[in-house]
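Note that the structure is a prediction, hence the values are computed from the model and not measured. Side chains included, hydrogens not; waters and symmetry mates left out as well; all remaining heavy atoms used.
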Amino acid sequence: MSHALPPKPLTARACGPLQGRVRPPGDKSISHRAFLLGLLSAGETRISGLLEGEDVLNTGRACAQLGARVERVGDGQWTVRGVGLGALLAPAETLDFGNAGTGSRLMMGVVGGHGITARFDGDASLRKRPMRRILDPLALMGAEVLEQGEGGRCPILLKGTPDPAPIEYRTPVASAQIKSAVLLAGLNALGRTTVIETEASRDHTEKMLAYFGATLTSEPFGEHGRKIALEGRPELTPKPIAVPADPSSAAFLIAAALLVEGSDVVVEGVMTNPLRNGFVATLKEMGADIEVLETREEGGEQVADLRVRHSALTGVVVPADRAPAMIDEYIILAVVAAFAKGVTHMNGLQELRVKESDRLAATAAGLRANGVAVVIEGDDLIVEGGAGACPGGGLVETHLDHRLAMSFLVMGLAAQKPVSVDDETMIATSFPTFKPLLAQLGADCFS
Ligand SMILES: O=C(O)C1=C[C@@H](OP(=O)(O)O)[C@@H](O)[C@H](O)C1
Ligand SMILES: C=C(OP(=O)(O)O)C(=O)O
């Protein structure tokens with residue numbers, strides 16, 4: 001499944017100071033959800049600022065296969081004419097989610113709660129990712145897995161139920177994808193679906209469901225958790241969605257500005273949702289000069305312009321309970337840590353093993369290839385920084401993982417020797433404007 005492009009290597013070399021203002025693309029998590037809620041509500045949902053990355057576009061195509069009319073009406077502007085809850089069509093062809101865990105898993109929730117059957121598939125990376133974590137709660141609700149790859153992996157043929165059982169489900173790991181899949185299936189249940197998470201994960205699904213008119217409560221559970229309860233069969237009403245800038249994409253621009261000497265950059269409109277801001281919080285603890293210039297609300301989220309200046313950084317201990325708020329930022333944090341003074345100890349990274357690649361192993365390998373001392377101890381990553389200097393000079397294997405590619409290219413902008421990645425094509429899944437935006441800041445240092 002998935003049309004695989006031939007790998008395209010890319011090298012980044014040291015560049016002069018980064019200067020200017022830049023706005024990262026729309027948030028990937030919110031963009032996926034905008035398409036899905038558009039599908040599930042009858043009428044027209046207008047979306048602006050959508051991330052036009054391959055992951056999100058695949059979700060849009062899948063929504064069209066289930067009956068929605070999905071149209072691009074301008075740059076980042078889309079409309080979705082949804083069929084509404086309970087009225088989805090069975091797709092004639094396989095739903096191909098490419099590289100996207102989020103798109104495939106959330107859509108499994110949607111299909112699982114409807115009386116339709118759909119085949120889910122994706123690229124070689126997606127075919128390695130665990131799906132039982134989604135299929136298990138969906139089975140409790142009445143969905144059936146008719147076919148599956150080894151160990152509950154894609155390709156998966158899922159038969160949903162027209163009458164899902166409302167369940168109370170405790171997520172086994174902190175995962176917004178598991179929580180969202182259960183809630184999306186629970187939308188079509190007669191009764192209340194409850195999800196309990198002991199570590200709170202990103203809350204975009206809850207916020208968007210409430211915005212579209214669903215009755216939903218979210219209350220604290222234990223020290224760091226949440227209990228979310230959703231009343232089934234709501235009247236979902238389409239609402240305009242303005243997608244704020246993605247903090248996970250912003251992370252690469254912020255890191256580049258911190259690492260390249262003399263840089264002074266403003267990254268605009270970055271979503272500062274507390275369940276997404278662990279990276280900036282950690283950088284500040286490391287001594288990063290990040291000034292919050294203007295806070296405001298965009299599309300129901302707090303956003304801010306961040307002024308970032310080159311900074312001398314010091315290693316820190318990153319607590320395990322911060323992982324959900326920066327789960328996609330550990331690779332770039334590890335790269336930043338390679339330039340810090342002293343050791344950075346990142347705790348509790350077991351979930352990194354089941355992302356687009358085994359990010360724990362691949363990050364360590366990439367650092368070693370570039371002369372950085374690193375140890376994996378259990379589920380922890382320990383990086384020894386070079387106090388402002390990082391040797392570089394390595395070739396990094398990216399294993400179809402966009403964030404590995406971008407993180408090590410950022411390393412190359414500040415390292416002593418150029419850094420190469422074996423494939424840049426996957427960057428298009430989440431941040432197609434990565435190179436042009438860096439070039440806009442003066443970092444036109446890729447070849
Ligand atoms: O719900 C989402 O949009 C996401 C949740 C996270 O995954 P998990 O739910 O597996 O932690 C994250 O890594 C992914 O990039 C996006
Ligand atoms: C883990 C990621 O995404 P997904 O799970 O959607 O593939 C990511 O973007 O880093």
Side-chain angles (χ1 to χ4, degrees), residues 1-3 25-114 116-123 126 158 160 177 180-181 183-185 187-188 204-205 207-209 211-214 235-244 246 299-300 428-433:
M1 236 13 246
S2 279
H3 174 74
D27 186 63
K28 176 157 74 73
S29 293
I30 294 182
S31 297
H32 281 298
R33 288 158 173 82
F35 272 155
L36 290 170
L37 284 223
L39 164 72
L40 291 167
S41 47
E44 187 173 276
T45 298
R46 292 178 165 274
I47 309 166
S48 59
L50 185 96
L51 168 66
E52 293 177 327
E54 282 169 14
D55 276 15
V56 172
L57 298 180
N58 281 328
T59 295
R61 276 181 213 116
C63 289
Q65 286 175 268
L66 295 183
R69 208 169 74 210
V70 181
E71 274 175 340
R72 185 176 195 266
V73 292
D75 226 7
Q77 316 264 6
W78 290 70
T79 58
V80 183
R81 184 158 281 279
V83 287
L85 201 56
L88 306 188
L89 305 181
E93 309 283 337
T94 298
L95 305 177
D96 180 0
F97 287 94
N99 193 246
T102 308
S104 55
R105 289 175 171 149
L106 269 55
M107 189 61 103
M108 284 179 194
V110 170
V111 168
H114 279 80
I116 56 175
T117 298
R119 189 179 295 278
F120 291 77
D121 207 354
D123 67 9
L126 193 67
L158 180 65
Q177 294 177 2
S180 301
L183 291 175
L184 290 169
L187 272 179
N188 204 25
H204 310 305
T205 302
K207 282 183 154 177
M208 208 181 283
L209 283 172
Y211 179 56
F212 273 58
E235 187 77 39
L236 292 177
T237 311
K239 290 276 181 66
I241 298 175
V243 183
D246 193 329
T429 60
S430 71
F431 195 171
T433 51

Measuring from atom [atom1] of [X] to atom [atom2] of [Y], what distance do you get when rounded to the nearest 0.5 angstrom?
| X | Y | atom1 | atom2 | result |
| --- | --- | --- | --- | --- |
| Leu106 | Thr205 | CG | OG1 | 5.5 Å |
| Leu50 | Ile241 | CG | CD1 | 9.0 Å |
| Thr45 | Phe212 | OG1 | CZ | 4.0 Å |
| Leu95 | Asp121 | CG | CG | 10.0 Å |
| Leu85 | Leu184 | CG | CG | 10.0 Å |
| Asn99 | Asn58 | CG | CG | 9.0 Å |

Review point. Hey, does the side chain of Lys28 reach the backbone of Asp55 with a donor-acceptor pair shorter than 3.5 angstrom?
Key: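 Here the side-chain-to-backbone pair does not exist.
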- Item | Any donor-acceptor N/O pair, Asn188 side chain to His114 backbone, under 3.5 Å |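 Flag not set: sc Asn188 to bb His114 has no pair under 3.5 Å.
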Salt bridge (charged side-chain N to carboxylate O under 4.0 Å, His left out) against Glu44, all qualifying residues, sequence neighbours excluded
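Arg46, Arg81.
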Exercise for the section: Just jot down the salt bridge (charged side-chain N to carboxylate O under 4.0 Å, His left out) partners of Arg119, sequence neighbours excluded, or say none. Expected result: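 Expected list: Glu147.
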ring-ring contact (aromatic ring centres under 6.0 Å, His included) partners of [range], not counting sequence neighbours, each pair once:
| range | answer |
| --- | --- |
| residues 40-63 | none |
| residues 39-75 | none |
| residues 31-73 | Phe35-Trp78 |

Please assess Leu39 against Met107 for the test side chain to side chain contact (heavy atoms under 4.5 Å, CB included), listing each intermediate value before the final yes or no.
CA-CA 11 Å; Leu39 164 72; Met107 189 61 103; 4.2 Å; yes
Taking the side chain as every heavy atom from C-beta outward, state whether Leu89 and Ile116 have any pair of such atoms under 4.5 Å apart.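 The answer is no; the side chains never approach within 4.5 Å.
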Looking only at heavy atoms, which two atoms of [X] and [Y] are closest? And how far apart?
| X | Y | value |
| --- | --- | --- |
| Leu66 | Val83 | O-CG2, 4.1 Å |
| Leu51 | Pro25 | CD1-CB, 3.7 Å |
| Leu187 | Leu236 | CD1-CD1, 4.1 Å |
| Ser104 | Leu126 | OG-CD1, 3.8 Å |
| Ala62 | Phe97 | CB-CZ, 3.6 Å |
| Cys63 | Leu36 | SG-CD2, 4.0 Å |

- Counting only heavy atoms not in Glu235, do more than 12 fall under 6.0 Å of its CD?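 No.
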Test side chain to side chain contact (heavy atoms under 4.5 Å, CB included) applied to Ser31 and Glu52, step by step = CA-CA 9 Å; Ser31 297; Glu52 293 177 327; over 6 Å; no
All side-chain hydrogen bond (donor to acceptor under 3.5 Å, both in side chains) counterparts of Gln177, not counting sequence neighbours: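 Residues passing side-chain hydrogen bond (donor to acceptor under 3.5 Å, both in side chains) with Gln177: Thr102, Arg105.
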